[in-house]
A.B. asks: 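What follows is a single structure, and I will ask about it in a moment.
Only a predicted model underlies this, so the values are computations on that prediction, with no experimental measurement involved. Order of listing sets the numbers, starting from 1, for every ligand and every atom in it.
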Amino acid sequence: MNAYKQIAKWGFLAFLIIATIYILRRHNAPTTSEVPYQECTGKIFGTTYKAIYQHPDDLSADIHSRLNEVDASLSMFNPISTLARINKHETDTMDAMMQEVFALAMRVSEATGGAFDCTVAPAVEAWGFGFKNREQITDEKIDSLKQLIGYRNVSMTADGLLKRQIEGVQMDFGAIAKGFGVDKVAELLSTKGVKNMLVEIGGEIIVHGTRADGKPWRIAVQSPTGEGFSAVLSRTETAMATSGNYLNYYVNEAGERVAHTISPFTARPVTHTLLSATVTAPTCAMADAFATAFMVMGVEQAKTVLEEHPALGAYLIYSEGDTLQTFAKNFSLDGK
Ligand code: AMP
Ligand code: MG
């Protein structure tokens with residue numbers, strides 16, 4: 001009997017100690033608003049990235065390593081990336097990330113009638129937006145570029161091998177990789193339990209939740225004139241990308257602006273009235289790809305694609321005479 005009493009006494013004591021520790025711990029646990037917002041910045045794909053996220057720990061090492069994985073797969077600027085090695089015919093094996101991006105690229109090519117085309121690489125080079133200086137562009141040169149461009153010239157086997165229909169095809173994921181990188185960092189942060197975050201690479205962006213002051217994130221769409229903002233939006237949930245002919249261009253001998261979006265149909269940089277396309281989509285990679293495609297298609301064709309794809313939103317800025325006009329679909333702006 002005594003032994004039972006002893007066990008009950010010590011058991012009760014142990015229970016009291018554990019319960020007290022538990023209550024004290026709960027009491028001292030930081031509330032959500034006390035968990036700090038961390039910030040991490042750096043460079044990738046020849047541009048900058050930024051992540052702001054609410055988490056007790058600094059996760060920058062994980063973010064850098066995830067971005068290094070993306071860079072090692074898709075970067076044009078990394079001579080040993082899978083993409084660079086594929087373009088040099090050193091391998092035909094696409095890694096897991098490239099397989100994902102390739103499949104999405106093909107879907108967006110289909111959805112945009114070929115305006116998005118990852119095989120524009122030789123034209124990107126020829127027009128001076130790759131590594132080499134601009135080549136002499138002759139009609140013959142354009143004809144030979146046109147032979148090489150066409151998303152149907154490439155396909156992927158079930159085990160992730162690239163198949164080329166013709167020799168000399170090269171790929172460029174510059175129009176999708178930034179958005180894809182944003183998706184991968186946002187995914188990483190979500191798996192770490194982060195609810196409030198902003199992830200941005202070279203203007204392609206994901207936000208979830210709220211800022212440190214509890215308010216929605218505010219995102220500005222740059223004016224295509226290069227001065228100030230064209231629009232500001234508050235968001236608690238969005239994946240968004242912008243393509244603009246003011247973002248990467250040079251002025252040629254004739255004084256014309258040559259921008260980095262290439263029409264796969266003419267193998268020449270596009271020239272039309274659409275100055276900037278901002279797109280929202282279920283993923284940032286998808287937003288990125290459609291934004292580039294819209295720059296190729298122009299306002300009217302972009303509107304048709306938007307009708308066919310209700311999951312997309314867009315804010316298009318185009319010129320009409322001397323004025324700037326805008327078109328918005330599934331896209332609410334602050335103050336409007
Ligand atoms: P973005 O800034 O996302 O519009 O991407 C522009 C980059 O995408 C260019 O610098 C090229 O590397 C590549 N690019 C250009 N034209 C196309 C196109 N029609 N389809 C896919 N990628 C393209
Ligand atoms: Mg893009």
A.B. asks: Taking N or O atoms only and a 3.5 Å limit, does Thr242 qualify as a polar contact for ligand 1?
C.D. replies: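 For ligand 1, there is no N or O atom that lies under 3.5 Å from one belonging to Thr242.
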A.B. asks: Decide yes or no on side chain to side chain contact (heavy atoms under 4.5 Å, CB included) for His260 and Trp127, but give the supporting numbers first.
C.D. replies: CA-CA 8 Å; His260 69 154; Trp127 286 97; over 6 Å; no
A.B. asks: Any chance you could measure Gln99, atom CD, to Thr82, atom OG1, to the nearest 0.5 Å?
C.D. replies: 10.0 Å
A.B. asks: To the nearest 10°, what's the angle at the Mg ion (ligand 2) between atoms OD1 (Asp288) and O (Ala175)?
C.D. replies: 70°
A.B. asks: With respect to Ala115, determine whether any N or O atom, backbone or side chain, lies less than 3.5 Å from an N or O atom of ligand 1.
C.D. replies: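 So ligand 1 has an N or O lying under 3.5 Å from an N or O of Ala115.
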A.B. asks: Find the distance between CE (Met240) and OG1 (Thr280) and round it off to the nearest 0.5 Å.
C.D. replies: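 Going from CE on Met240 over to OG1 on Thr280, the span is 8.0 Å.
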A.B. asks: Taking both backbone and side chain into account, is any N, O or S atom of Ser243 nearer than 2.8 Å to the Mg ion (ligand 2)?
C.D. replies: no
A.B. asks: Give the atoms of ligand 1, by number and element, whose distance to some non-hydrogen atom of Asp288 is under 4.0 Å.
C.D. replies: 3 (O)
A.B. asks: I need the Lys43 NZ to Tyr49 OH distance, nearest 0.5 Å.
C.D. replies: 11.0 Å
A.B. asks: Which of the atoms in ligand 1, numbered in the order shown and given with their element, are less than 4.0 Å from a heavy-atom of Asp172?
C.D. replies: 11 (C), 12 (O), 13 (C)
A.B. asks: Classify the ring geometry of Phe331 against Tyr315: parallel below 30°, tilted from 30° to 60°, perpendicular beyond 60°.
C.D. replies: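 Parallel: the ring planes of Phe331 and Tyr315 meet at under 30°.
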A.B. asks: Given Val270, Val296, Thr292, Thr47, which has its nearest heavy atom closest to atom 1 (P) of ligand 1?
C.D. replies: Thr292
A.B. asks: Should Lys178 and Glu200 count as an ion pair when the cut-off is N to O under 4.0 Å?
C.D. replies: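 Looking at Glu200 together with Lys178, the answer is no, because their closest N to O distance does not fall below 4.0 Å.
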A.B. asks: Can you check which of Ser243, Gly114, Ala241 brings a heavy atom nearest to atom 4 (O) of ligand 1?
C.D. replies: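 It is Ser243 that holds the nearest heavy atom.
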A.B. asks: Rounded to the nearest 0.5 Å, what separation is found between the CG atom of Asp288 and the CZ atom of Phe180?
C.D. replies: 11.5 Å
A.B. asks: Is ligand 1 under 4.0 Å from a heavy atom in the side chain of Val120, in the backbone, in both, or in neither?
C.D. replies: side chain
A.B. asks: One pair to check against side chain to side chain contact (heavy atoms under 4.5 Å, CB included): Ile63 and Leu189. What are the steps and the verdict?
C.D. replies: CA-CA 8 Å; Ile63 294 172; Leu189 294 175; 4.1 Å; yes
A.B. asks: Under a 4.0 Å N-O cut-off, is there an ion pair linking Glu69 with Arg66?
C.D. replies: yes
A.B. asks: Applying a strict 4.0 Å limit to heavy atoms, is Ala291 in contact with ligand 1?
C.D. replies: no
A.B. asks: Which of the numbered atoms in ligand 1 are under 4.0 angstrom from any heavy atom belonging to Pro264?
C.D. replies: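 By the 4.0 Å cutoff, the relevant atoms are 19 (N).
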A.B. asks: May I ask you to check if ligand 1 and Thr261 share an N or O to N or O distance below 3.5 Å?
C.D. replies: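 No, no N or O pair falls under 3.5 Å.
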A.B. asks: Does Phe116, backbone or side chain, put an N or O under 3.5 Å from an N or O of ligand 1?
C.D. replies: no
